[in-house]
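Data block below; observations after.
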Amino acid sequence: MTMTSGIRPVVPALPDRPRRLHRPLMIVTIALSALIVVAIAGALFDDRQLLGHAIWMKPLKFLMSFSVYCATLAWLLSLQTKARRLGWWMGTVVAVGIAAEMVLIIGQVVVRGRQLHFNQSTPADEMVHNIMALTIYIVWAAVLVIAIQLLFDKPGDRALRWSIRLALGTTLGGMLLGNLMFRPTPAQEAAIAATGRHDFFGSHTVGGEDGGPGMPITGWSTQGGDLRIGHFLGIHALQLIPLVALGLVLLARRFPVLRPEGPRTALVAIAAASYGGLIWLLTWQAGRGESLVHPGNRTLVAAGSLLTATIVMSLAVLLRARRTTLASVNTSSPGSPSPLGSARTGR
């Protein structure tokens, strides 16, 4: 961090506006955004349902999630200073993969009217399931390469760099949480034992059946645990953790204690650790068959402990930074001997 007169930290600035965003990712973002309008109209006027929900709701949720993800990744790639060509190709792989996923989702759900996930009841359903699984693993591998690149790159200041690294690491872990859903339920195990077939394999609901009562818009189960929650939060760490770093830059304009890189970097690390803890907490809660809206005592205690630890660590960082800032101000005040004055006195 640049210092004024060697003492006062300069007010940090937001990253420069990117000169060129990743074109394939932005094309996909624009296409998905246009389809969001179509999906909203479909949800309003198409009265068909699948698993107890409006048939357009699942494509709508994926469209919104993927569009934000592609736009964020396009911005992150614009910050690269090294191996930009490799980053461009990996971003293109992600763009093509997500576009392919959306074609399959809309085709399977809206056009065919078939259950999307865990459905292997016909050769066509199984083919869609397998292509989607392969595609998302390719997307994951491309994001992993981008994460490794940015681990050794230096976009922005230290707080922003670490927010990007931690966000990419968390989103990669969040994507892998989807594997927890691909385990047979007791009912599916019984069907496999009886028939030797597995028409449906896996479930996102623990302690209940998919398609039961759910929360508005998200559809997350209100009767049992829902493994989609931790998966969703993990994926969107890609947006939330860098937003913390950017928010701290804006706050630093008003609060001098946040102007040095050190406190902001520490707060970003705390935010990322706390967010990771929240993902673990919600996944643990879902794995015990407990709904998000009906937390038990163990969940409440764990949530309270996580919140307390986050607040205590954040306050400790801010108090230490405040002491350092006050010491710098006192050192540079008119009444205090400056290094130049001391030098003159010692002549």
Side-chain angles (χ1 to χ4, degrees), residues 28-73 98-99 101-119 132 136 167 170-171 174-175 177-178 180-181 202-241 243 275 278-295 299 303:
V28 173
T29 300
I30 293 168
L32 296 180
S33 300
L35 285 172
I36 288 173
V37 179
V38 176
I40 291 173
L44 292 174
F45 300 111
D46 189 341
D47 58 2
R48 290 180 297 162
Q49 292 199 340
L50 184 65
L51 292 176
H53 300 282
I55 202 166
W56 278 95
M57 284 306 297
K58 184 174 286 292
L60 175 59
K61 290 184 288 185
F62 273 96
L63 286 166
M64 295 172 68
S65 178
F66 281 155
S67 62
V68 174
Y69 195 90
C70 287
T72 305
L73 196 59
I98 286 179
E101 288 276 302
M102 277 314 311
V103 169
L104 291 169
I105 291 168
I106 293 174
Q108 177 74 348
V109 176
V110 178
V111 178
R112 300 187 68 230
R114 302 284 293 176
Q115 181 176 331
L116 179 64
H117 293 119
F118 320 119
N119 186 0
M132 285 192 66
I136 206 63
T170 306
T171 198
M175 292 170 74
L177 286 177
L180 296 176
M181 305 178 202
S203 172
H204 53 69
T205 305
V206 179
E209 295 295 327
D210 289 353
M215 298 171 62
I217 302 178
T218 63
W220 294 337
S221 178
T222 56
Q223 285 191 332
D226 201 315
L227 295 168
R228 293 176 295 181
I229 302 173
H231 179 55
F232 173 84
L233 292 181
I235 288 173
H236 290 288
L238 190 66
Q239 293 83 44
L240 294 175
I241 297 176
L243 276 176
Y275 193 73
L278 178 63
I279 294 168
W280 171 84
L281 172 63
L282 294 174
T283 303
W284 173 63
Q285 179 191 27
R288 292 184 289 113
E290 187 178 277
S291 170
L292 176 67
V293 297
H294 299 295
T299 302

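This structure is a prediction, so every number in the text was calculated from the model and none was measured.
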Nearest heavy-atom approach of Phe66 to Leu32 is CB-CD1, 3.6 Å
With heavy-atom distances below 4.5 Å as the criterion, would you say the side chains of Ser67 and Ser33 are in contact?
yes
Rounded to the nearest 0.5 Å, the CG atom of Leu282 sits from the CD1 atom of Ile229 at a distance of 6.0 Å
One should read off an interatomic distance between Ser221 OG and Leu292 CG, to the nearest 0.5 angstrom, of 10.0 Å
The reported gap from CG in Leu281 to CG in Leu233 (rounded to nearest 0.5 angstrom) is 10.5 Å
All heavy atoms of Met175 vs all of Ile235, minimum pair found to be CG-CG1, 3.8 Å
Met132, CE: over 12 other non-hydrogen atoms inside 6.0 angstrom
yes
The reported gap from CD1 in Ile40 to CG in Leu63 (rounded to nearest 0.5 angstrom) is 9.5 Å
In terms of heavy-atom contacts, Gly287 and Val206 come closest through O-CG1, 3.7 Å
Worksheet item: Are Thr171 and Ile241 close enough, and set up right, to give a side-chain contact (heavy atoms from CB on, under 4.5 Å), and what steps lead you there?
Response: CA-CA 10 Å; Thr171 198; Ile241 297 176; over 6 Å; no
Residue pair Ile106 / Phe62, side-chain heavy-atom distance below 4.5 Å:
no
For Lys61 and Ile217, the nearest pair of non-hydrogen atoms, with its separation, is CD-O, 3.2 Å
query: Side chains of Thr205 and Asp226: is there a donor and an acceptor less than 3.5 Å apart?
result: no
Nearest heavy-atom approach of Arg48 to Asp46 is NH2-OD2, 2.8 Å
In this structure, CD of Glu101 is separated from CD1 of Ile136 (nearest 0.5 Å) by 4.5 Å
| request: Measure the acute angle between the ring planes of Trp220 and Phe232, then classify it against the limits of 30° and 60° as parallel, tilted or perpendicular. | output: perpendicular
Notebook entry, point to check: How about Gln49 and Met57: do any of their side-chain heavy atoms sit closer than 4.5 Å?
Noted result: no
Is any side-chain heavy atom of Gln285 closer than 4.5 Å to one of Pro295?
yes
key: Backbone N/O of Gly225 and side chain of Ser291: donor-acceptor pair under 3.5 Å   = no
For Thr299 and Glu290, does a side-chain donor sit closer than 3.5 Å to a side-chain acceptor? yes
**Message:** Could you tell me if the side chain of Leu104 sits less than 4.5 Å from the side chain of Leu116, heavy atoms only?
**Reply:** no
### Query
Is it true that the side chains of His236 and Ser65 contain a donor and an acceptor less than 3.5 Å apart?
yes
- prompt: Could you go step by step and tell me if His231 and Met181 meet the side-chain contact (heavy atoms from CB on, under 4.5 Å) rule?
  reply: CA-CA 10 Å; His231 179 55; Met181 305 178 202; 3.9 Å; yes
(request) Evaluate the side-chain proximity of Val109 to Arg114: yes if any heavy-atom separation is below 4.5 Å, no if none is. (result) no
- Taking the side chain as C-beta and beyond, is there a heavy-atom pair between Leu35 and Met102 under 4.5 Å? no
| request: Using a 4.5 Å cut-off on heavy atoms from C-beta on, say whether the side chain of Ile279 contacts that of Leu177. | output: yes
What one should report as the nearest heavy-atom pair of Gln108 and Asn119 is NE2-ND2, 4.0 Å
Quiz item: Take atom CD in Glu209; do more than 12 heavy atoms of anything else shown fall under 6.0 Å from it?
Solution: no
Inset, instruction - For Tyr69 and Thr29, run side-chain contact (heavy atoms from CB on, under 4.5 Å): C-alpha distance rounded to whole Å, both residues' side-chain angles, the deciding distance at 0.1 Å, then the answer. - result: CA-CA 8 Å; Tyr69 195 90; Thr29 300; over 6 Å; no
Just do the side-chain contact (heavy atoms from CB on, under 4.5 Å) check on Lys58 and Leu50 with the steps written out, would you? CA-CA 9 Å; Lys58 184 174 286 292; Leu50 184 65; over 6 Å; no
